[in-house]
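First comes the structure, then the notes that go with it.
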Amino acid sequence: QVHLVESGGGLVQAGGSLRLSCVLSGRPYSRYAMGWFRQAPGKEREFVAAITWTGGNTYYADSVRGRFAISRDSSGNTVYLQMNSLKPEDTAVYFCAKALGTTLVEVTRSQDYDYWGQGTQVTVSS
């Protein structure tokens, strides 16, 4: 069984930074991309960023491109989301997820992922 656990959320002022981490255990016997999503109160879950198995390719939502950076360690088991220049509209619960595939061809929809973490709250005050 695969488990994902996020950490690093918290309260930060606008313009500040946070770094989220996601640790995957029960590693599946296949390579896979990883992604971050977020869900604000009253809104649908939305794609934030994704990264390939090797970490060589990344993809971002327009709303965070240039401010957020996704990365993963050499083992592939930990994925990070560095969030800079945070805005109040970034406030949400952030989820990491394991993709079904290895590339970034299909990574922006929830159905492109098969395992999810429990989420970590990020609150940005104005």
Side-chain angles (χ1 to χ4, degrees):
Q1 185 70 16
V2 174
H3 292 282
L4 299 167
V5 179
E6 304 97 334
S7 62
L11 174 64
V12 64
Q13 289 188 332
S17 298
L18 281 175
R19 189 193 196 201
L20 305 183
S21 299
C22 172
V23 178
L24 183 147
S25 61
R27 181 175 172 176
Y29 294 98
S30 62
R31 300 182 174 186
Y32 47 89
M34 292 286 292
W36 285 95
F37 284 71
R38 66 186 182 186
Q39 187 167 19
K43 295 186 177 181
E44 294 187 355
R45 188 172 298 187
E46 65 173 358
F47 170 77
V48 175
I51 188 168
T52 54
W53 166 255
T54 63
N57 289 290
T58 57
Y59 184 70
Y60 298 93
D62 289 342
S63 58
V64 306
R65 187 174 291 116
R67 300 187 298 122
F68 290 12
I70 187 171
S71 61
R72 66 195 301 174
D73 69 356
S74 57
S75 73
N77 289 343
T78 302
V79 178
Y80 305 97
L81 185 68
Q82 177 67 44
M83 305 185 295
N84 300 323
S85 302
L86 283 162
K87 306 175 181 180
E89 51 263 44
D90 293 320
T91 295
V93 177
Y94 284 71
F95 301 88
C96 68
K98 171 193 162 298
L100 289 165
T102 60
T103 70
L104 301 182
V105 173
E106 293 180 329
V107 291
T108 63
R109 308 170 303 170
S110 294
Q111 55 263 45
D112 297 326
Y113 298 80
D114 54 357
Y115 290 98
W116 295 80
Q118 82 290 346
T120 185
Q121 177 70 47
V122 172
T123 303
V124 184
S125 63
S126 58

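Positions are given from 1, in the same order as the sequence printed here.
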query: Under a single-linkage definition using a 4.5 Å side-chain heavy-atom cutoff for Ile, Leu, Val, Met, Phe, Trp and Tyr, are V48 and V122 assigned to the same hydrophobic cluster?
result: yes
field: side chain to side chain donor-acceptor pair (under 3.5 Å) partners of D90, counting only residues at least two apart
entry: R38, R67
field: Pairs meeting criterion disulfide bond (SG atoms under 2.5 Å apart) with involvement of residues 72-126, two or more places apart
entry: C22-C96
query: If every non-hydrogen atom of S110 is compared with every non-hydrogen atom of R45, which pair is closest and at what distance?
result: OG-CD, 4.2 Å
- prompt: L11, Y94: one ILVMFWY side-chain cluster at the under-4.5 Å cut-off?
  reply: no
query: Taking only residues two or more places apart in sequence, or in another chain, which ones meet Q82 in a side-chain contact (heavy atoms from CB on, under 4.5 Å)?
result: S17, R19, A69, N84
message: What's the separation between atom CE in M34 and atom CH2 in W53, rounded to the nearest 0.5 Å?
response: 10.0 Å
field: V12: partners by side-chain contact (heavy atoms from CB on, under 4.5 Å), with sequence neighbours left out
entry: L18, L86, V124
query: Within a reach of under 6.0 Å around CD of Q111, are more than 12 heavy atoms found that belong to other residues, nucleotides or ligands?
result: yes
field: Rounded distance [0.5 Å steps], CG in L24 versus OH in Y32
entry: 4.5 Å
query: Got a donor-acceptor contact below 3.5 angstrom from the Y115 side chain to the H3 backbone?
result: no
- prompt: Residues in ring-ring contact (aromatic ring centres under 6.0 Å, His included) with F68, at least two apart?
  reply: none
- prompt: If Ile, Leu, Val, Met, Phe, Trp and Tyr residues are connected whenever their side-chain heavy atoms lie under 4.5 Å apart, and connections chain through other members, are W36 and Y113 in the same group?
  reply: no
Which donor-acceptor pairs under 3.5 Å do the side chains of residues 59-66 make with protein atoms, sequence neighbours left out?
| unit_1 | atom_1 | unit_2 | atom_2 | d |
| --- | --- | --- | --- | --- |
| Y60 | OH | I70 | N | 2.8 |
| D62 | OD1 | R65 | NH1 | 2.5 |
| R65 | NH2 | Y60 | O | 2.4 |

query: Are the side chains of M83 and L20 in touch, meaning some heavy atoms are under 4.5 Å apart?
result: yes
query: Applying the 4.5 Å side-chain criterion to the ILVMFWY set and letting contacts propagate, would L4 and V93 be lumped into a single cluster?
result: no
- prompt: Are V23 and W116 connected, step by step, through hydrophobic side chains (Ile, Leu, Val, Met, Phe, Trp, Tyr) whose heavy atoms are closer than 4.5 Å?
  reply: no
field: Inter- and intrachain pairs under salt bridge (Lys or Arg N to Asp or Glu O under 4.0 Å), touching residues 69-88, at least two apart
entry: none
query: Which pair of heavy atoms, one from A40 and one from A92, lies closest together, and at what distance?
result: N-CB, 3.8 Å
message: List the residues meeting side-chain contact (heavy atoms from CB on, under 4.5 Å) with L100, not counting sequence neighbours, and say none if there are none.
response: D114
query: Excluding sequence neighbours, so at least two apart, what forms salt bridge (Lys or Arg N to Asp or Glu O under 4.0 Å) with E89?
result: none
query: Rounded to the nearest 0.5 Å, how far apart are CZ of R31 and OG1 of T102?
result: 9.0 Å
- prompt: Hey, is the main chain of Q118 close enough, under 3.5 Å, to the side chain of E6 for a donor-acceptor pair?
  reply: yes
task: Check side-chain contact (heavy atoms from CB on, under 4.5 Å) between S21 and all other residues, then give those that pass, not counting sequence neighbours.
output: S7, Y80
query: What residues form a side chain to side chain donor-acceptor pair (under 3.5 Å) with T123, not counting sequence neighbours?
result: Q121
- line: Sorted by chain and residue number, the ring-ring contact (aromatic ring centres under 6.0 Å, His included) partners of F95 (sequence neighbours excluded) come out as none
